[in-house]
Q: 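Structure incoming, see below.
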Amino acid sequence: MQSFIPLASPDIQEQDIQAVSEVLRSGNLVQGRQVEALEHALAEYLSVPHCIMLTNGTATLHLMLLACNIGPGDEVVIPAFSYIATANVVELVGARPVFVDISLDTFNIDTQRIEQAITAKTKAIMVVHEFGLSADMAAIKAICDRHKIIMLEDAACALGAKEGNQFSGSIGMAGSFSFHPRKAITSGEGGAVVTADSELANRIRMLRNHGIDATKPGKMDFIAAGYNCRMTDFQAALLHSQLKRIDATLERKRAIAQRFLNEINHQYIKLSVLPAGKLPSWQTFHVVLQGDLKQANVIQQLREKGIGTNYGAQCIPAQTFFAQKYKYESAKEFPQAYIAFTQGLAIPLYEKLNEDQVSFIINTINSL
Ligand SMILES: *Cc1c(COP(=O)(O)O)cnc(C)c1O
C-alpha cells in the first residue's frame, strides 16, 4: 500500500531547521541581518538590483501597487484565472480590476484579448505566470509600451521560471514572489518584491516599515502612513537555506513534470502545452478534465485511492464579491477561465516524490 500522497508538501531539511535554530538562539527575531543577506542572495539569483522581503505574497502585490501610485479612478488589467489575491489587492488600493480571459493551453492571460480591455483609465497590467509558466512577456511588454502603461508581474508561483534567458519577475517594472508552503521554497508566510527601479524600491521599503524614510538610514523620519510588512529574521534564515538548493529543487520538479507530460494519457484529460523557449518552475501540474470526468468526483476518487488533488486557482470574476460588485456572467464573459476553475485539477508535484509515487499517480490517473 502507498501512503497518502498529499497535494503539496514542503521540503524542510535538517540544515534548514539548524539555520532557524541559530537565529532563535541569537535573540534577534525581527527584520535584521538575515533578511538583508537573503535580499542580496535573491537579487543576485534573479539578476535584479533590488529585492525587498515582506510578510507574504499578497503584501508584496499590495505595496507594489501603492508604490506605483495606483488608486481610486485607475484600472488594472489582470487575468480572470489566478489566485484571488491578484484581484483583491487591486480592490484594496481602491482601483478597479479589469479581467481578461486566459488560454486553456497555458492557463495564462490570452494576449490577443488584452488590448480590448485597455481604456483611458488603465494604469497597469498585473501579469501572472500561472502555475510557474511565464506569460508571453515580449508581446505584453509591446502592448504596455504602446499604451504607456506599467507592467507588473505576479510571479508568486514562478521563482526560477524563465522566458529565454530572463527570469520571471525580473522583466516588469516590479515583480512579486510568494513563499507560502505551496510554493517551491517557503518561510511559512513570506514574500519578495524585485525591481530595477531604485525609487520604487525605496518607496516599498518605506511602506514596509511604518512609512520611515528609507533613504536616510539612522534618521527616524516618517514620510507617509506606512504599514508593518517586515519579514522576521528566522523566516529569512529558513528561506535562505532552501534558496541554496533551488536549482536542484527545480530540476527535480521539471523531471517529474516531464514524466507527467509524457505518460499521462487519458482521452478526457487535457494536458497543458509547453511553448518553446519557456522554462517553467512547475509550482503546480494542472490539467483540464473533459467528457465524463467531473471535478468533484475525480477529486473524491483520487482521494480514496490515496492521492490529494484539488482545483488549481479561481475564476476570480465568478467569486461572489466580484460577481456581485461588477455583475459578471463569468461562464459567458470568461469561458476559458471558467472551465479552468470548474474542470481544472492540480496534481501533486514536489521534489520529495519518488519515482514509484510518480508512477502510482500516473497509473491511477490513466485508469480513471
Ligand atoms: C500564492 C499566490 C499569491 C499570494 O501569496 P501569499 O504569499 O499566499 O499571500 C498571489 N498570487 C498568486 C498567483 C499566487 O499563486
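Owing to the predicted nature of the structure, the values given are computational and were not obtained by experimental measurement. Side chains are part of it too, since the values below use all heavy atoms of this structure and drop only hydrogens, waters and symmetry mates.
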Q: When you measure from the side chain of Arg182 to the backbone of Ala8, do you find a donor-acceptor pair of N or O atoms at a distance under 3.5 Å?
A: no

Q: For the side chain of His266 and the backbone of Tyr268, is there at least one donor-acceptor N/O pair under 3.5 Å apart?
A: yes

Q: What I want to check is whether the side chains of Lys162 and Ser134 have a donor and an acceptor closer together than 3.5 Å.
A: no

Q: I need the full list of ring-ring contact (aromatic ring centres under 6.0 Å, His included) pairs touching residues 152-173, with sequence neighbours left out, sorted by first then second residue.
A: Tyr45-Phe167

Q: Given the rule that I, L, V, M, F, W and Y join up when any side-chain heavy atoms are under 4.5 Å apart, are Ile185 and Tyr83 in one cluster?
A: no

Q: Indicate whether the side chain of Glu304 and that of Gln300 have a donor and an acceptor atom separated by less than 3.5 Å.
A: yes

Q: Quick one about Thr232 and Gln235 (side-chain donor to acceptor, distance below 3.5 Å, no hydrogens or angles considered), yes or no?
A: yes

Q: Got a list of side-chain donor-acceptor pairs under 3.5 Å for residues 308-316, not counting sequence neighbours?
A:
from   : atom 1 : to     : atom 2 : distance (Å)
Tyr311 : OH     : Gln314 : NE2    : 3.0
Gln314 : OE1    : Ile84  : N      : 3.0

Q: Do Ser176 and Asp154 have a side chain donor and acceptor closer than 3.5 Å?
A: no

Q: Within the side chain of Glu333, is there an N or O that forms a donor-acceptor pair under 3.5 Å with the backbone of Glu329?
A: yes

Q: Should the heavy atoms of other residues, nucleotides or ligands under 6.0 Å from CZ of Arg259 be counted, would the total exceed 12?
A: yes

Q: Does one hydrophobic cluster hold both Val273 and Val288, with members joined at side-chain heavy-atom distances below 4.5 Å?
A: no

Q: Angle between ring planes, His62 versus Tyr227, binned at 30° and 60°: parallel, tilted or perpendicular?
A: perpendicular

Q: State, yes or no, whether a side-chain contact exists between Ser178 and Asn56 at a heavy-atom distance under 4.5 Å.
A: no

Q: Tell me the ring-ring contact (aromatic ring centres under 6.0 Å, His included) pairs involving residues 177-219, sequence neighbours left out?
A: none

Q: Do side-chain atoms of Gln343 reach the backbone of Leu289 as a donor and acceptor pair under 3.5 angstrom?
A: yes

Q: Under the criterion salt bridge (Lys or Arg N to Asp or Glu O under 4.0 Å), I'd like the reasoning laid out for Glu163 against Lys278: C-alpha separation, chi angles, the key distance, then a yes or no.
A: CA-CA 5 Å; Glu163 181 175 55; Lys278 292 188 187 179; 3.8 Å; yes

Q: Output all residues satisfying ring pair (Phe, Tyr, Trp, His ring centres under 6.0 Å) with Tyr326, sequence neighbours left out; order by chain, then residue number.
A: Tyr328

Q: Met220: which other cluster members, linking ILVMFWY side chains closer than 4.5 Å, directly or transitively?
A: Ile212, Phe222

Q: Any ion pair linking Glu36 and Arg33 (charged N to carboxylate O, less than 4.0 Å)?
A: no

Q: Count the heavy atoms of every other residue, nucleotide or ligand shown that sit under 6.0 Å from CD of Glu44, and state whether that count exceeds 12.
A: no

Q: How about CZ on Arg25, more than 12 heavy atoms from neighbouring residues, nucleotides or ligands closer than 6.0 Å, or not?
A: no

Q: When you look at NZ of Lys121, are more than 12 heavy atoms from neighbouring residues, nucleotides or ligands closer to it than 6.0 Å?
A: no

Q: Testing the 3.5 Å rule here: is there a donor-acceptor pair between the side chains of Thr215 and Asp213?
A: yes

Q: Check ring pair (Phe, Tyr, Trp, His ring centres under 6.0 Å) between Phe260 and all other residues, then give those that pass, not counting sequence neighbours.
A: Phe285

Q: Can you check whether Ala214's main-chain N or O pairs, donor with acceptor, with Arg205's side chain at less than 3.5 Å?
A: no

Q: Is the number of heavy atoms from other residues, nucleotides or ligands within 6.0 Å of CG (Asp292) greater than 12?
A: yes

Q: Within the supplied structure, the quantity of interest is the number of heavy atoms (other residues, nucleotides, ligands) at a distance under 6.0 Å from Gln13 CD; does it exceed 12?
A: yes

Q: Decide whether Asn297 and Gln301 meet the rule of one side-chain donor and one side-chain acceptor closer than 3.5 Å.
A: no

Q: Transitively linked via ILVMFWY side-chain contacts under 4.5 Å: Val23 with Val30?
A: no

Q: Verify the neighbour count for atom NZ of Lys141: are there more than 12 heavy atoms of other residues, nucleotides or ligands below 6.0 Å?
A: no

Q: In terms of hydrophobic clustering (I, L, V, M, F, W, Y; side-chain heavy atoms under 4.5 Å; direct or indirect links), are Val100 and Tyr338 co-clustered?
A: no

Q: Tell me whether Asp233 contacts the main-chain N or O of Gly32 through its side chain, where contact means a donor paired with an acceptor under 3.5 Å.
A: yes

Q: Taking Ala124's backbone N and O only, do any of them form a donor-acceptor pair with Thr122's side chain (distance below 3.5 Å, no angle check)?
A: no

Q: Quick check: does any side chain N or O of Asn363 sit under 3.5 Å from a backbone N or O of Val358, one acting as donor and the other as acceptor?
A: no

Q: With rounding to the nearest 0.5 angstrom, report the CG to CD1 distance, Asp145 to Ile140.
A: 12.0 Å

Q: Given salt bridge (Lys or Arg N to Asp or Glu O under 4.0 Å), test Glu39 with Arg208 step by step and report yes or no.
A: CA-CA 14 Å; Glu39 287 176 341; Arg208 159 175 80 174; 2.9 Å; yes

Q: Hey, does the side chain of Lys216 reach the backbone of Asp221 with a donor-acceptor pair shorter than 3.5 angstrom?
A: no

Q: Which word best sums up how the rings of Phe99 and Phe334 line up, parallel for under 30°, tilted for 30 to 60°, or perpendicular for over 60°?
A: perpendicular

Q: Using modelled atom types and a 3.5 Å cut-off, is there a donor and acceptor pairing between side-chain atoms of His129 and backbone atoms of Ala155?
A: no

